[in-house]
Amino acid sequence: MSTFSGLTTAASGLAAARRGMDVVGQNIANQKTEGYSRQRVLTSAVAAVAQSGRFSVGAVPGHGVSIDGVARLGDALLDARVRDTLGASGFWSARAVTATAIEASLAEPTENGLATRLSKFWSGWQDLANTPDSGAAAASVLESAKELASHIAGGYRTVATQWSEARAGAERTVSQVNAAADQIAVLNGEIRDALASGRSANELMDQRDLLAQGVARMSGAASTVESDGTMTVRLGGNALVSGSDARHLVLTGPAAIDAGQRFSLAWDSAPDLPVSIDGGELGGALSVLAPASEGGMLAGLAATYDAVATALADALNAQHRAGVTASGQPGGDFFTLPATGSAALGLRVAVTSASDLALAAPGAGAKDATNADLISQIGRRADSPDALWSDHVTRFGVATAADVQRAKVSDSAAVAAAGAQQSVAAVDGDEETINLLAYQTAYQAAARVMTAVDEALDVLINRTGVVGR
């Protein structure tokens, strides 16, 4: 064993303590950095060199400490759980936000809702039946009819606008997923090179994990870390990111809510290969944008507006044609519907004056209002537009409440998963302070060892054999 081995041992302790303080400083500096995972110095004891020969002294101590690397403290299982819960949270949150916005636009059950407008419309016919010779009552019915048609058209336009906004949002999400995939691919290459050369890639992994969490929330993608340190991101079982290569998504679909077509998500490099996605904000948006036949809430509500307009026109026209005007002329259509396109947008009042209103029953006289009374009762029928609208609003309200509840549950699960992840990976200021003091004390102790060895060598070299001279 070398006489100077004690200096080497103390020097290794100084280096290890200094590296430990550097890592603690890095942790404290990034305590508020999003996605940062705390780090620790990995060390191991250097074994003693085998001794042999005449001057070997048997058992000897080791040769200090070896700095093996800087570990990134985290849990791959907790990271995967966070990504999974974010995918579910993104899906239900997207649906809940859209459903809540639609529910607010319906304004039910308030005086601004369609149900109240329909009720007032039928009440106007009842008033007219009570006073058939009142010009004011007739004018009120005609004005109420125009307002009702305008309200139905306005409701349809609101839904169509929300559909267009959801479509634009889905396209933005696809662009964001593509951009994040490119960044993950670049980081994969840098991490692989760093690990192959023995350098630390901890900060690069933090950035990549943060991007992977964003992709999971946006698209529900699943991610796995490979043996070479790269991360593979998959959508529908196919790789979005593999190694340093990334693929792009393309969203195609109808430009209008009444097209009756579904959106298609495919790979940019293989347009004929569809991508199945049932999670994340993008999956939620696509479920909202689905055609009415596939349960799309926006297209379904637009179809309900069309159905209400059609039912209103058909019921009122049929009863209006059954009556006669004050001059004895048969009643014609009260409403008109377009030959093509949206019934809600094309609903118009065909009657332009009070004299064209067919209030009387045939042969009952000019002052009769039997037909007006029958028209006022349309809203009470089981197949009335009121019943149709009420049924849809009820079912929509139940579905919205279910989506909101699922969003709350999934958000809670995501928060719990993130909390569990942070309990392992987050920086604790108190713990880091204690570690800093421990490394500082270790540094001082190693320095004291070096001083003691230096003093011993000084005695051995400069003072041994000179006593009494």
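No hydrogens, no waters, no symmetry mates; every other heavy atom, side chains included, goes into these values.
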Got a donor-acceptor contact below 3.5 angstrom from the [X] side chain to the [Y] backbone?
X      : Y      : result
Ser105 : Ile102 : yes
Ser384 : Arg381 : yes
Asn112 : Ala107 : no
Ser12  : Val65  : yes
Asn27  : Val427 : no
Arg167 : Gly253 : yes
Asn30  : Gln26  : yes
Ser150 : Glu147 : no
Asp209 : Gly35  : no
Ser89  : Thr85  : no

If you measure from [atom1] on [X] to [atom2] on [Y], what distance do you get to the nearest 0.5 Å?
X      : Y      : atom1 : atom2 : value
Met205 : Asp79  : CE    : CG    : 11.5 Å
Gln207 : Glu34  : CD    : CD    : 11.5 Å
Asp268 : Asn178 : CG    : CG    : 7.5 Å

Decide yes or no on side chain to side chain contact (heavy atoms under 4.5 Å, CB included) for Thr400 and Met297, but give the supporting numbers first.
CA-CA 10 Å; Thr400 299; Met297 66 173 69; over 6 Å; no
Find out whether Leu114 and Glu108 are in side-chain contact, i.e. whether some heavy atom of one side chain is under 4.5 Å from a heavy atom of the other.
yes
Quick one, Glu281 and Arg95 - any side-chain contact, counting heavy atoms below 4.5 Å?
no
So does Arg117 have more than 12 non-hydrogen atoms from other groups sitting under 6.0 Å from CZ?
yes
Pairs satisfying ring pair (Phe, Tyr, Trp, His ring centres under 6.0 Å), at least one member in residues 396-429, at least two apart
none
Which residue pairs satisfy the ring pair (Phe, Tyr, Trp, His ring centres under 6.0 Å) criterion with at least one member in residues 163-198, sequence neighbours excluded?
Trp163-Phe263
Show your reasoning for whether side chain to side chain contact (heavy atoms under 4.5 Å, CB included) applies to Ser287 and Phe91.
CA-CA 9 Å; Ser287 70; Phe91 180 88; 4.1 Å; yes
Testing Leu347, Leu388, Ile378, Asp386 for side-chain contact (heavy atoms from CB on, under 4.5 Å) with Leu312, which one passes?
Leu347
Salt bridge check, Asp206 against Arg72: does any charged N sit closer than 4.0 Å to a carboxylate O?
yes
